[in-house]
Amino acid sequence: MIADLDQLEGSNQTELEKNGEHFEFNAPVTEAVSIGNTVVVGFGDGKIRFFKPDQKPHDIQAHSGVILCMVKAEDYILTGGDDGRFLQISMDGEIEEIANFGSRWVDSVAAYKGDRVCSSDKVVYIWSKENEKKSFTHQSTISGVTFSPNGKHLAVSRYGGVTVWRREKNKWSSSNYSWKGSHGKVTFSPNGKYLVTSMQENQLHGWRLNDKADLAMSGYPAKIKSFNWVGDTPYLVTSGASEAVCWPFDGKEGPMGRKPVCVASGGKQYATFVESLTEENAVFVGFKDGLVLLSEIDEKKNPITIRNSTGSEVSAIVVSETRAHILIGDIKGNVTWSSIRPQQN
Amino acid sequence: MENSQQVPVTVLTGFLGAGKTTLLNRILTEQHGRKYAVIVNEFGEQGIDNDLVVDADEEVFEMNNGCICCTVRGDLIRILSGLMKRADKLDAIIVETTGLADPAPVAQTFFVDEDVADRTKLDAIVTVADAVHLSSQLEDHHEAEEQIAFADVLLLNKVDLVDDSALTRVKERIRKINPFAKIIQTTRCDAPLDEVVGLNAFSLERVLEVEPDFLESDHDHEHDDDVTSVSFVSDTPLDMDKFQTWFGDLLRTKGQDILRSKGILDFQGEEERYVFQGVHMLMDASPMGSWAEGKKRSSRIVFIGRNLDSMNLEEGFENCKIG
């Protein structure tokens, strides 16, 4: 008997490869977020594309250059670009320019209820629901901004640590969380008790918000480009190693003195993007060569191959808020869009 | 390894008024059909004719990686990473620095940051110097010395405004600091552009082509903090273990004072030439093909830096010889 090669190849195809739709857009996927059943994707040519179930994606030209940052804000998105513009974009594709900083890039954006925040250079700008504008200048260029889950704190990462702005009755007051070095993106734990940044030196740094106790999470072979919170524990799942490195943040001390759980090994290459599937206590892990794995946060469980290698670095994975679809994007502009509901037979 | 996907980056240094903007505008207007991004500093001279100008803040930070002198340009990491997300491919990126900027953090950024090194490569450091004012600038600002020391190409501009003896003196001064930069004499930065951009000066292959001017150093009238250079040649093969121990120690303990180092080495038992180049404590090195047939093998090594006299470099190098 002679093996049928076509059939062999076919049998290695994943569900997602068989059933998903595949697009080539020729500009790197830089950002992606979900609102409801829709996934909104930002590209390196300034375009935004909306992916909705059973529809062809439609695009709008939002920025004239790279979309550097994007965040969900209620029922719209905020974007910042290397054209210096800070935009509010509705799900119908309507664009409102909130600010234009010219040759100064808008590097990060954040939102809480009606508050819309962006950073450009050393300054953070806040527009309130009533459209009042405030700005805070920091000692060095800002690399990340994010609100705490209850919206009371705004964390601003920069060289030398994080400035946390606390919302008071009629003003904002600030407090410094210092750690030597260059800090990148910043995140709050879901309970708001911890603050974590990715650093230039292939490590994470964290602080307990109430007493500023330091947490150092190191040992990575590469820079941590992506992190995400997963499950009830919760775990902080991170890229930057050949597996997804998951730090437990339960108990009084969080990950202090504990080992991370490592799942979804991609072999010799490094993970570049992680997305959580919170209800399942599981994580999608994208790799430098395009491989995407799904694994429970349990070292005894085997990961499932969601997509085989494509040769292009995964730069975005988003599961829609309705948990019905997944979108995978890479740095060459390839996008896979697929239902993740079990097929009815 | 050379990677054709890497966008070359030219770093343009030089004191205010030396002619950086003139050169920049020539590069941007005369190289038709090429797409350049220009990273300028906030104190830069105005009037750059390009649609892709990015403001930089020249923010420098220390790496916590054990290198005491390892500072990098944080804004460059941010901006270069952003530029690499563009849909259109750039032919080159030009980084203009302020007159008082130290070129080391710029160069070190390309050694230290993996993402930057993956997608871009340092092509050359081009320093524009003013033939009239260079001598006094060297007296007053150690940054001027550093810009000369780091240069791969040195445009000695405004040579029409000095007489022959002054020109000779300023060239001698430059050679003493940096014997392997290519000096191009210009009046209005009118150098052939193919000698300024697209040079691949930081590739290890290029080290092989550079024949440093081996000048007799005369240290008598120099201050301790002057930047000077020394070079050594050996026809006796070197012992790799001894060399690595000595050189590793040297960079670790004296790397702050060694601005640049380059060398082509003949190790006993090795078929290939061993080539390296370094910036302070960081070094890039690898075997680089066989020696030319019929030609004598020899090791050559050059250091540019401060306090070189105190490092016993000659003795250290001598001790690496076999036997």
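Below, read A as the first sequence line, B as the second, and so on, with proteins coming before strands; counting in each chain starts at 1.
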Can you find a pair of side-chain heavy atoms, one from [X] and one from [Y], that are under 4.5 Å apart?
X	Y	result
A:Ile331	B:Arg119	yes
B:Ile77	A:Lys223	yes
B:Glu59	A:Arg158	no
A:Phe43	B:Lys85	no
A:Val66	B:Met84	no

Legend entry - A:Asn26 portion near chain B, given a 4.5 angstrom heavy-atom threshold: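 When you check distances to chain B, only backbone atoms of A:Asn26 fall under 4.5 Å.
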Inset, instruction - Check each atom of A:Thr30 against the heavy atoms of chain B and say whether the ones under 4.5 Å are side chain, backbone, both or neither. - result: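 Side chain of A:Thr30 only, per the 4.5 Å heavy-atom cut-off to chain B.
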Legend entry - Between A:Asp82, A:Asp107, A:Ile67, A:Asp121, the one whose heavy-atom pairs under 4.5 Å with chain B are most numerous: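 Top option by heavy-atom pairs under 4.5 Å: A:Asp107.
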Legend entry - Heavy-atom pairs under 4.5 Å with chain B, option from A:Gly65, A:Ser315, A:Pro28 with the top count: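 Maximum pair count with chain B is reached by A:Pro28.
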Legend entry - Separation of A:Lys180 NZ from B:Phe61 CZ (nearest 0.5 Å):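 B:Phe61 CZ to A:Lys180 NZ: 11.5 Å, rounded to 0.5 Å.
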Inset, instruction - State the OG-CG distance between A:Ser143 and B:Asp75, to the nearest 0.5 angstrom. - result: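 A:Ser143 atom OG to B:Asp75 atom CG measures 12.5 Å (nearest 0.5 Å).
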Legend entry - Set of ring pair (Phe, Tyr, Trp, His ring centres under 6.0 Å) partners for A:His22, sequence neighbours left out: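 Residues passing ring pair (Phe, Tyr, Trp, His ring centres under 6.0 Å) with A:His22: none at all.
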Inset, instruction - Taking ring pair (Phe, Tyr, Trp, His ring centres under 6.0 Å) as the test, write out the residues that go with A:Phe273, two or more places apart. - result: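 A:Phe273 satisfies ring pair (Phe, Tyr, Trp, His ring centres under 6.0 Å) with no other residue.
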Between [X] and [Y], which heavy-atom pair has the shortest distance, and what is it?
X	Y	answer
A:Leu68	B:Gly82	CD2-CA, 4.2 Å
A:Trp105	B:Arg78	CZ3-O, 4.0 Å
B:Ala87	A:Ala27	CB-CB, 3.6 Å

Legend entry - A:Lys72, NZ atom: more than 12 neighbouring heavy atoms under 6.0 Å: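 Count over threshold, so yes.
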Inset, instruction - Please say whether more than 12 non-hydrogen atoms of neighbouring residues, nucleotides or ligands are located less than 6.0 Å from CD in A:Glu97. - result: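 Result for CD/A:Glu97: enclosed.
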Legend entry - Electrostatic pair B:Asp115-A:Lys225, nearest N-O below 4.0 angstrom: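 Looking at B:Asp115 and A:Lys225, the cut-off is met.
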Inset, instruction - Flag the pair B:Arg86 and A:Asp45 as a salt bridge only when some basic side-chain nitrogen lies within less than 4.0 angstrom of an acidic carboxylate oxygen. - result: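 Looking at A:Asp45 together with B:Arg86, the answer is no, because their closest N to O distance does not fall below 4.0 Å.
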